[in-house]
Amino acid sequence: MINQTLILIKPDGLKKSLTGNVLTRLSETKLDIVAAKIARVSKKLAEEHYKEMKDKPFFNELIKYIMGHYHKKKVMALVYWGEDAIKKVRQICGSTNPEEADTVSIRGQYGRITTKGVYENVIHASTNGKEAEREIKLWFQPDEVIMDIYSTKTAKTDKEVWVWA
Ligand code: IDP
Ligand code: MG
């Protein structure tokens, strides 16, 4: 099945200069990149992204981690598209716990568990179609994605826009 998935190279990945390594590993999937950007993660975005984890004991640390509190305050967000994109990307990422992840997976190679107990596992990838849709729509606007992956509509707003001077 053709599908799409949200990938985040987390702040530890950027801080450790792993962007190239991670993208090279992901290129093994032969999937298409249909959106990409470097983004600052606000508290609001972090909490929305990880809203399912709200009741976990490590939630506050997780929010600080994804916001870049311990590293660089940025993430790289990408959308990969193609045959079994969700499954193929998850496979290369490896298990959530970097100590348990296959040693040749991205998380197995580059992740660590901090003294505060957070799994700094370098990369986020959506786990299923529903999660991918929610996450892609959270991180990207339709005009930032070069393919029509979800239906869109036009809406009138009187919002002020920020433009080059
Ligand atoms: P996933 O990223 O493999 O989908 P989730 O269960 O969705 O795993 O957890 C989101 C993130 O929360 C993980 O990537 C990891 O950074 C962190 N995390 C998950 N479980 C634990 C845990 O038991 N201890 C510490 N951090 C965790
Ligand atoms: Mg998850």
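Every number for a ligand or one of its atoms is a count from 1 in the order of the listing. Not measured: the values here are computed from a predicted model.
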N/O to N/O under 3.5 Å, ligand 1 against protein:
| residue | atom | partner | partner atom | Å |
| --- | --- | --- | --- | --- |
| ligand 1 | 2 (O) | Arg107 | NH2 | 2.9 |
| ligand 1 | 3 (O) | Arg90 | NH1 | 3.4 |
| ligand 1 | 3 (O) | Arg90 | NH2 | 3.0 |
| ligand 1 | 3 (O) | Thr96 | OG1 | 2.5 |
| ligand 1 | 3 (O) | Arg107 | NH1 | 2.9 |
| ligand 1 | 3 (O) | Arg107 | NH2 | 3.4 |
| ligand 1 | 4 (O) | Arg90 | NH1 | 2.9 |
| ligand 1 | 8 (O) | Thr96 | OG1 | 3.3 |
| ligand 1 | 14 (O) | Lys10 | NZ | 3.0 |
| ligand 1 | 14 (O) | Asn121 | ND2 | 2.9 |
| ligand 1 | 16 (O) | Lys10 | NZ | 3.3 |
| ligand 1 | 16 (O) | Tyr119 | O | 2.9 |
| ligand 1 | 23 (O) | Tyr119 | OH | 3.4 |
| ligand 1 | 26 (N) | Tyr119 | N | 3.3 |

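The pair Lys64-Glu61 meets the salt-bridge criterion, with a side-chain N (NZ, NE, NH1 or NH2) lying under 4.0 Å from an Asp/Glu carboxylate O.
Using modelled atom types and a 3.5 Å distance limit, the side chains of Glu100 and Tyr119 yield no donor-acceptor pair. In summary, the side chains of Ser126 and Glu135 do present a donor paired with an acceptor at a separation below 3.5 Å, with no hydrogens or angles considered.
Residue Leu78 shares its hydrophobic cluster (ILVMFWY side chains chained together at separations under 4.5 Å) with Ile7, Ile9, Leu14, Leu18, Val22, Leu23, Leu26, Leu31, Ile33, Ile38, Met76, Tyr80, Val89, Ile92, Ile106, Tyr110, Val122, Ile123.
With sequence neighbours left out, the side-chain contact (heavy atoms from CB on, under 4.5 Å) criterion links Lys73 to Arg40. Under the salt bridge (charged side-chain N to carboxylate O under 4.0 Å, His left out) criterion, Arg25 pairs with Glu28, not counting sequence neighbours.
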